[in-house]
Amino acid sequence: MINTDAISLRLAAFVAACMVYGIFASPTPGDLGLVEITVAICLIIAVSPLRALQSVLRLHRPSWATAGQALLVYGLSVPVVAGLGGGHDPVLILRDMIPFGFLLLPLFMQGWRPDLRVVAAAVAFIGVAFALRVVLPVATVHGDFIGTGADPLYLSIAPTISFAAVMCGGAAGMLLYTGPSLRNIALAPILAGCAVLPFAAMVITLQRAGIGLSAFALLLLLAVGLWRKPARAVVPLLPVLVAALCFFPVLAEVSGSLLQKQSLVGNNNRFQEASVVFDVVATSPLSVLFGKGWGTHWPIQRWAGLWSITRITFSPLIF
């Protein structure tokens, strides 16, 4: 028998965690505060520790869960021993293990069958809330928001921003695609507005990858609709074309700013950073195979005075 009350409680806890996280939290919190503790408690209820333990110890499980179990054993042994043996700060070790636990949430929550529409809406809410927290302060202070870079909490780089842009934009298009009923016509502009907010947040900090991938995903959905049922796809295509024509000067300015950033910073020296990381882990054969352990950090003084000292955390899952 399925305990629907427990399922409802878990889903409510998950939604509550998403709401608190979206409205109050940051993707990169500086310390553990009341908000982070609240989100953690909600996630613990949603995961259900007893059910998580049963999921990990389950004998008959799919191949992906077996791989996840092996990853869990590895993450709780090799990098922990390496980190402690290297004299790393226990706080930094714990800091690295927390996101590792998030990575394994599918393993802990296997067998849970919530309403995916509610889950998708809750995650999209995080992106929209993050976007509002970026856009509103800039809109009230700056006349021009393109490339102002006003995002001290790094909300605009969160993956949920792109997810919200694609989910809300795709849902708006799907409503018009399925049929121009009064309900669909009323809801589509609301969802479209929710999709614009994440794009505006990414424009503020000129997130090239996020803007490009989100726009490409929406264009791909539109192309699929045109391929399958061209007559229906014209309905969501028309308002997109009208909006593009009306806001063409803004779109042109955004494109120019993105191209200018690309010409100035290129790939943000990602290849140089990777080279430094490989130089560090290449100090011994063991570190090449298993990394430096949880909690490793390395200060880098970037050249020409253009970059500040940055701490890089090395994960044995990569090296």
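For the pair F108 and L53, the minimum side-chain heavy-atom distance is 4.5 Å or more. Between L105 and F102 the shortest side-chain heavy-atom distance falls below 4.5 Å. Residues W294 and L92 form no side-chain contact, since every pair of their non-hydrogen atoms from C-beta on lies 4.5 Å or further apart. Between L71 and F100, the closest side-chain pair of non-hydrogen atoms falls below 4.5 Å. No side-chain heavy atom of S26 sits under 4.5 Å from any side-chain heavy atom of V35. In this structure the side chain of S48 reaches within 4.5 angstrom of the side chain of R10, judged on heavy atoms. Between P27 and I157, the closest side-chain pair of non-hydrogen atoms is not below 4.5 Å. Using a 4.5 Å heavy-atom cutoff, the side chains of I204 and D151 are not in contact.
For the pair R51 and W112, the NZ or CZ position fails the cation-pi test of under 6.0 Å to the six-membered ring centre and within 45 degrees of the ring normal.
In this structure, the ring of F130 has its center less than 6.0 angstrom from the ring center of Y21.
Transitive grouping of hydrophobic side chains (ILVMFWY, heavy atoms separated by less than 4.5 Å) brings L104 and V39 into a common cluster. Under a hydrophobic-cluster definition in which Ile, Leu, Val, Met, Phe, Trp and Tyr are linked whenever side-chain heavy atoms come within less than 4.5 Å, directly or via other members, L153 and L206 are assigned to the same cluster. In the hydrophobic clustering of this structure, Y177 does not group with L219; members are Ile, Leu, Val, Met, Phe, Trp, Tyr whose side-chain heavy atoms approach within less than 4.5 Å, directly or through other members. In terms of hydrophobic clustering, with Ile, Leu, Val, Met, Phe, Trp and Tyr side chains grouped at heavy-atom distances under 4.5 Å, M167 and V15 are assigned to a common cluster. Linking ILVMFWY residues whenever their side-chain heavy atoms come closer than 4.5 Å, directly or via other members, leaves V91 and M97 in distinct clusters.
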Self-check item: Test log, rule side chain to side chain contact (heavy atoms under 4.5 Å, CB included), inputs L155 and I161
Solution: CA-CA 8 Å; L155 301 175; I161 288 277; 5.6 Å; no

Self-check item: Check against side chain to side chain contact (heavy atoms under 4.5 Å, CB included), F247 and V254
Solution: CA-CA 11 Å; F247 295 97; V254 170; over 6 Å; no

Practice problem: Report the C-alpha separation of R232 and V235 in whole Å, then their side-chain angles, then the decisive distance to 0.1 Å, and conclude whether the side chain to side chain contact (heavy atoms under 4.5 Å, CB included) test is met. | Solution: CA-CA 6 Å; R232 285 192 177 186; V235 180; 5.7 Å; no

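Few gaps surround CG on L57; more than 12 heavy atoms of other groups in view lie less than 6.0 Å from it. Heavy atoms of other residues, nucleotides or ligands lying less than 6.0 angstrom from CE of M174 number 12 at most.
The minimum heavy-atom distance linking V134 with S156 is given by the pair CG2-N, 4.2 Å. For the pair M109 and A46, the tightest heavy-atom approach, listed with the atom from each and the gap, is CE-O, 3.7 Å. The shortest heavy-atom contact between C194 and P198 is O-CD, 2.7 Å. Contact record, L107 with S55: O-CB, 3.4 Å, taken as the closest heavy-atom pair. Nearest heavy-atom pair across W64 and Q110 is CH2-CB, 3.8 Å. Looking at every heavy atom in both residues, V135 comes nearest to A200 through CG2-CB, 3.9 Å.
Of the N and O atoms on the side chains of Q69 and R61, at least one donor lies less than 3.5 Å from an acceptor on the other residue.
Interatomic distance, L94 CG to H88 NE2, rounded to the nearest 0.5 Å: 15.0 Å. Taken to the nearest 0.5 Å, the CG atom of L197 stands 11.0 Å off from the CE atom of M202. Residue L213 holds its CG atom at 12.0 Å from CZ of R208, rounded to the nearest 0.5 Å. The CG atom of L9 lies 6.0 Å from the CD1 atom of I45; values are rounded to the nearest 0.5 Å. With rounding to the nearest 0.5 angstrom, the CD1 atom of I93 is 4.0 Å from the CG atom of L84. Rounded to the nearest 0.5 angstrom, C42 SG and I37 CD1 are separated by 12.0 Å.
The closest donor-acceptor contact from the side chain of D96 to the backbone of G295 lies under 3.5 Å. Side-chain atoms of E253 never come within 3.5 Å of backbone atoms of V250 as a donor-acceptor pair (strictly under, hydrogens ignored). Remark: the backbone N or O of F163 is not paired with any side-chain donor or acceptor of T160 at under 3.5 angstrom. In this structure a side-chain-to-backbone donor-acceptor pair under 3.5 Å is missing from S214 to I211. With hydrogens and angles ignored, the 3.5 Å screen pairs a side-chain donor or acceptor of T140 with a backbone N or O of P137.
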